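So that the names make sense, note that chain A is the first sequence line, chain B the second, and so on, each numbered from 1. Please read all numbers here as calculations on a predicted model, not as lab measurements.
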Protein chains: 2
Amino acid sequence: MSQNATSAVNTGRRTGLDRDDMVAAALHLVECEGPAALTMRRLAAELDVTTNTVYWHVGSRDELIAELIRSCSARMAEREISGETPQQRIISAARNVWDSAFANRAVTSLAHQTGTTALLEHPLEVALAHEIEAAGLTGEEAAFALRSILSTVGGFLVGALRDESAIPTDLRTATLWSRTDAGLDPATVSALSGPTDHALIFVTTLEAVVTAHIPA
Amino acid sequence: MSQNATSAVNTGRRTGLDRDDMVAAALHLVECEGPAALTMRRLAAELDVTTNTVYWHVGSRDELIAELIRSCSARMAEREISGETPQQRIISAARNVWDSAFANRAVTSLAHQTGTTALLEHPLEVALAHEIEAAGLTGEEAAFALRSILSTVGGFLVGALRDESAIPTDLRTATLWSRTDAGLDPATVSALSGPTDHALIFVTTLEAVVTAHIPA
DNA sequence: ACCTGAACACCGTTCAAGT
DNA sequence: ACCTGAACACCGTTCAAGT
């Protein structure tokens with residue numbers, strides 16, 4: 001992809017690339033072609049170096065990904081919290097987690113696959129924690145509310161970010177329901193065979209969860 | 001692992017194995033050594049055959065996994081629903097999804113990684129759908145309630161089934177919170193740095209979601 | 001119909017060697 | 001300090017060939 005400024009071929013040393021360039025190229029790869037495209041060999045090819053050069057700078061694939069997630073973490077946290085009441089502000093903060101995940105779905109999927117979701121969302125979670133404390137909860141109570149809300153967000157995100165097009169037609173949720181014949185109302189089966197408005201059910205459920213955990 | 005009954009070495013034809021044996025061995029592998037252990041080569045070695053033999057019987061890795069999930073699906077659905085009121089029975093049915101996922105966490109993780117969760121849980125979802133209809137909801141209303149409840153279950157499952165020991169210490173949720181210094185109450189930070197009682201927050205939140213979506 | 005040997009095109013990672 | 005060539009031990013999958 002990028003050629004060396006110093007005319008000649010990459011023989012010997014000095015590519016002019018550093019760790020940050022590796023991470024930047026990795027992010028570019030993930031956002032353009034998805035998490036699966038991020039392989040060490042592919043990244044090396046993109047940078048016109050050997051895989052070993054990548055290894056020298058980033059250590060390993062896991063470290064590269066951790067660094068990538070870390071670098072996105074701060075950027076994704078730049079979101080405003082709105083609302084008058086504590087409950088409204090908590091809902092707003094939780095929606096920020098949802099919105100930022102959607103705005104960066106490739107990176108979010110990568111984090112999810114590699115178990116680094118907590119790292120990616122931590123700044124947004126801290127913001128949410130502040131709003132929960134502002135509502136009057138601390139300690140175990142605050143932790144309980146935060147974890148409940150975050151799990152709720154996570155559940156809807158998994159459903160909403162799942163790439164159904166990558167799944168064979170006959171294994172898709174809608175297909176499974178359309179083939180269901182277990183004495184359910186045809187209208188119910190029909191509704192379940194159609195598309196899902198993830199954002200709508202998320203917001204509705206989020207309000208219920210927040211109302212249940214946060215004193216008015 | 002298993003040797004041929006017919007004395008000699010596997011030269012030529014007839015291993016005496018069929019598609020079901022492949023699926024059974026795959027299940028055994030997943031349950032004993034986790035989803036990552038399920039590779040075509042590993043499975044072939046376990047059965048004392050060539051990878052091609054596996055391919056001949058199951059088609060591909062994706063088909064093998066789909067078949068594996070399908071075979072677990074029915075078995076995992078054998079759960080009773082208890083409770084007097086519609087709400088109680090819905091909560092019971094939702095807990096069955098949770099309980100069966102825990103009882104079969106290796107297979108559940110595999111399904112989750114391969115996008116076949118819907119296939120695995122479908123019978124339990126059908127049972128839940130029946131209880132929702134028994135509560136008086138049909139069509140879009142029933143679908144809305146079902147999807148909300150299932151997403152909620154899914155969110156808590158992701159958190160509860162995640163293998164934290166596979167994540168480097170400094171990327172774990174607890175570690176991230178213990179290092180957080182953003183003006184939060186020390187008691188809150190301390191609580192968030194400790195272990196999570198997934199089952200407790202799940203049950204509490206589930207009740208809130210069900211109450212919000214199902215008329216009493 | 002059922003199975004093997006050999007190969008293709010990938011992975012992550014490491015070692016010894018070069019400048 | 002920084003980079004390459006070559007290799008190791010894996011993947012999923014396919015092709016031609018055997019019985």
- Message: Between P on C/dC3 and CG on B/L17, what's the gap in Å once rounded to a whole number?
- Response: 7 Å
- Side-chain heavy-atom pair A/T173, A/L176 within 4.5 angstrom cut-off: no
- When you measure from the side chain of A/M40, which nucleotide among C/dG12, D/dT14, D/dC11 comes out closest? C/dG12
- Any strand: nucleotide that pairs with D/dT13 via Watson-Crick or wobble, under 3.5 Å: C/dA7
- Protein-nucleotide distance (B/D62, atom CG; D/dC11, atom P), rounded to Å: 16 Å
- Item | A/V49, nearest nucleotide to its side chain (from C/dT14, D/dC2, D/dT4) | D/dT4
- Measure from CD on A/E63 to P on C/dT14 and round the result to the nearest Å. 10 Å
- Of the listed C/dC3, C/dC11, D/dA1, the closest approach to the A/T39 side chain comes from C/dC11
- Within this structure, what is the CZ-to-P distance between B/R42 and D/dA9, rounded to whole angstrom? 17 Å
- Message: In whole Å, I'd like the distance from the NE2 atom of B/H57 to the P atom of C/dC3.
- Response: 4 Å
- Query: Does a salt bridge link B/E164 with B/R162, judged by any charged N lying under 4.0 Å from a carboxylate O?
  - Reply: yes
- Message: What I want to check is whether the side chains of B/D62 and B/S60 have a donor and an acceptor closer together than 3.5 Å.
- Response: no
- Message: For B/F144 and B/H213, take the angle between the two ring planes, folded into 0 to 90°, and tell me which bin it lands in: parallel under 30, tilted 30 to 60, perpendicular over 60.
- Response: tilted
- Rounded to whole Å, the CG-C1' distance (A/L43 to C/dC10) equals 16 Å
- Task: Take the protein atom CZ of A/R61 and the nucleotide atom C1' of D/dC10, then report the distance between them rounded to whole Å.
- Result: 15 Å
- Candidates D/dA1, D/dT13, C/dC3 - which lies nearest the side chain of B/T53: C/dC3
- Item | Residue matched to C/dT19 through Watson-Crick or wobble contacts both under 3.5 angstrom | D/dA1
- Task: Report, as yes or no, whether the 6.0 Å neighbourhood of atom CZ on A/R95 holds more than 12 heavy atoms from other residues, nucleotides or ligands.
- Result: no
- From CG of B/L64 across to C1' of D/dC11 the rounded distance in Å is 15 Å
- Message: Less than 4.0 angstrom between a side-chain N/O of B/T50 and OP1 or OP2 of C/dC3, yes or no?
- Response: no
- Given C/dG12, D/dG12, D/dT13, the nucleotide with the shortest approach to the side chain of A/Y55: C/dG12
